[in-house]
J.: 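Starting off with a structure, shown below.
Just so you know, residue 1 is the first one in the sequence shown, and it goes up from there. Computed over heavy atoms, backbone and side chain alike; hydrogens, waters and symmetry mates excluded.
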Amino acid sequence: ELDDADELFTRSQIGFHLDQIIKQRNLKQKEIATLLGISQPDVSHLMNGHFSRFTTDKLLDFLKRLNLKVTISISPHQEGEPFQQIAYSA
């Protein structure tokens, strides 16, 4: 279903940025697990790009646990662009 596709796309975008942020911090899986409050197998899923295993809310919670602010911007949809877009600014 299209709604599911949009949701999975959003999770993959958040997950991609989350993965990049974690890699920049050079953390070990055990450190990531403690920081994010998840098991080491879940860290492995996260680092291997299995973002669909986590809800959007859970992925946003991970960003909060990394001391990052999440801002949601609402604007008119333009034809041809995705309905949901995620951007990371350092």
Side-chain angles (χ1 to χ4, degrees):
E1 185 164 314
L2 192 56
D3 289 342
D4 291 340
D6 280 343
E7 175 66 20
L8 289 174
F9 182 65
T10 298
R11 285 189 215 174
S12 69
Q13 287 185 313
I14 295 169
F16 171 79
H17 291 296
L18 187 58
D19 180 63
Q20 296 301 305
I21 292 160
I22 290 170
K23 284 179 180 168
Q24 287 173 0
R25 295 189 184 189
N26 294 318
L27 300 170
K28 297 190 181 344
Q29 281 203 4
K30 189 172 183 177
E31 295 171 313
I32 298 166
T34 300
L35 188 61
L36 300 184
I38 58 176
S39 68
Q40 281 185 261
D42 278 342
V43 171
S44 181
H45 291 302
L46 186 65
M47 301 310 289
N48 287 319
H50 303 152
F51 309 125
S52 64
R53 298 179 66 93
F54 304 95
T55 65
T56 300
D57 285 344
K58 191 67 170 170
L59 292 169
L60 293 174
D61 180 62
F62 294 161
L63 293 171
K64 182 177 86 174
R65 288 171 176 263
L66 292 168
N67 200 34
L68 295 167
K69 176 180 82 170
V70 175
T71 303
I72 297 173
S73 174
I74 299 170
S75 63
H77 178 256
Q78 302 297 318
E79 188 173 333
E81 70 180 4
F83 278 94
Q84 299 168 346
Q85 254 178 312
I86 309 295
Y88 172 65
S89 56

J.: Can you tell me how far the CD atom of Gln84 sits from the CD1 atom of Ile72, to the nearest 0.5 Å?
T.: 10.0 Å
J.: Drop me the distance from Ser75's OG to Gln85's CD, to the nearest 0.5 angstrom.
T.: 8.0 Å
J.: Taking side-chain contact (heavy atoms from CB on, under 4.5 Å) as the definition, give me every residue that meets it alongside Phe16, ordered by chain and number, with sequence neighbours left out.
T.: Gln20
J.: Look at atom CG of Asn67 and say whether more than 12 heavy atoms of other residues, nucleotides or ligands are closer to it than 6.0 Å.
T.: no
J.: How many angstroms lie between CE in Met47 and CG in Asp42, if you round to the nearest 0.5 Å?
T.: 13.0 Å
J.: The criterion is side-chain contact (heavy atoms from CB on, under 4.5 Å); which residues satisfy it with Thr34, sequence neighbours excluded?
T.: none
J.: Under the 3.5 angstrom rule, does the side chain of His77 hit a backbone N or O of Glu81 as a donor-acceptor pair?
T.: yes
J.: Report yes if the side chains of Thr55 and Leu60 come closer than 4.5 Å at any heavy-atom pair, otherwise no.
T.: no
J.: Could you check whether any side-chain heavy atom of Thr10 comes within less than 4.5 Å of a side-chain heavy atom of Leu59, counting everything from C-beta outward?
T.: no
J.: Can you give me the closest heavy-atom contact between Arg11 and Thr56, atom names plus distance?
T.: CG-OG1, 3.5 Å
J.: Between Ile22 and Leu46, is any pair of side-chain heavy atoms under 4.5 Å apart?
T.: yes
J.: Report yes or no: do Leu8 and Phe62 belong to one cluster of Ile/Leu/Val/Met/Phe/Trp/Tyr joined by side chain heavy-atom distances under 4.5 Å?
T.: no
J.: To the nearest 0.5 Å, how far apart are NE2 in His17 and CG in Leu68?
T.: 12.0 Å
J.: So which heavy atom on Ala33 is nearest to which on Ser39, and how close?
T.: CB-C, 4.1 Å
J.: Is the backbone N or O of Ile86 less than 3.5 Å from a side-chain atom of Gln13, with the two atoms forming a donor-acceptor pair by type?
T.: yes
J.: Rounded to the nearest 0.5 Å, what separation is found between the CG atom of Leu27 and the CG atom of Leu36?
T.: 8.5 Å
J.: Please list, chain by chain and in numerical order, all residues satisfying ring-ring contact (aromatic ring centres under 6.0 Å, His included) with His50, sequence neighbours excluded.
T.: His45
J.: Compare every heavy atom of Ile38 with every heavy atom of Lys58, then report the nearest pair and how far apart it is.
T.: CE-CG2, 4.2 Å
J.: Quick one: do Leu18 and Phe9 end up in the same hydrophobic cluster if we chain Ile, Leu, Val, Met, Phe, Trp and Tyr together by side-chain heavy atoms under 4.5 Å apart?
T.: no
J.: Check for me, please, whether Phe54 and Ile21 land in the same ILVMFWY cluster - side-chain distances under 4.5 Å, paths through other members count.
T.: yes
J.: Are Val70 and Ile14 close enough that some pair of their side-chain heavy atoms sits under 4.5 Å apart?
T.: no
J.: Got a second to check how far Leu66's CG is from Arg25's CZ, nearest 0.5 Å?
T.: 4.5 Å
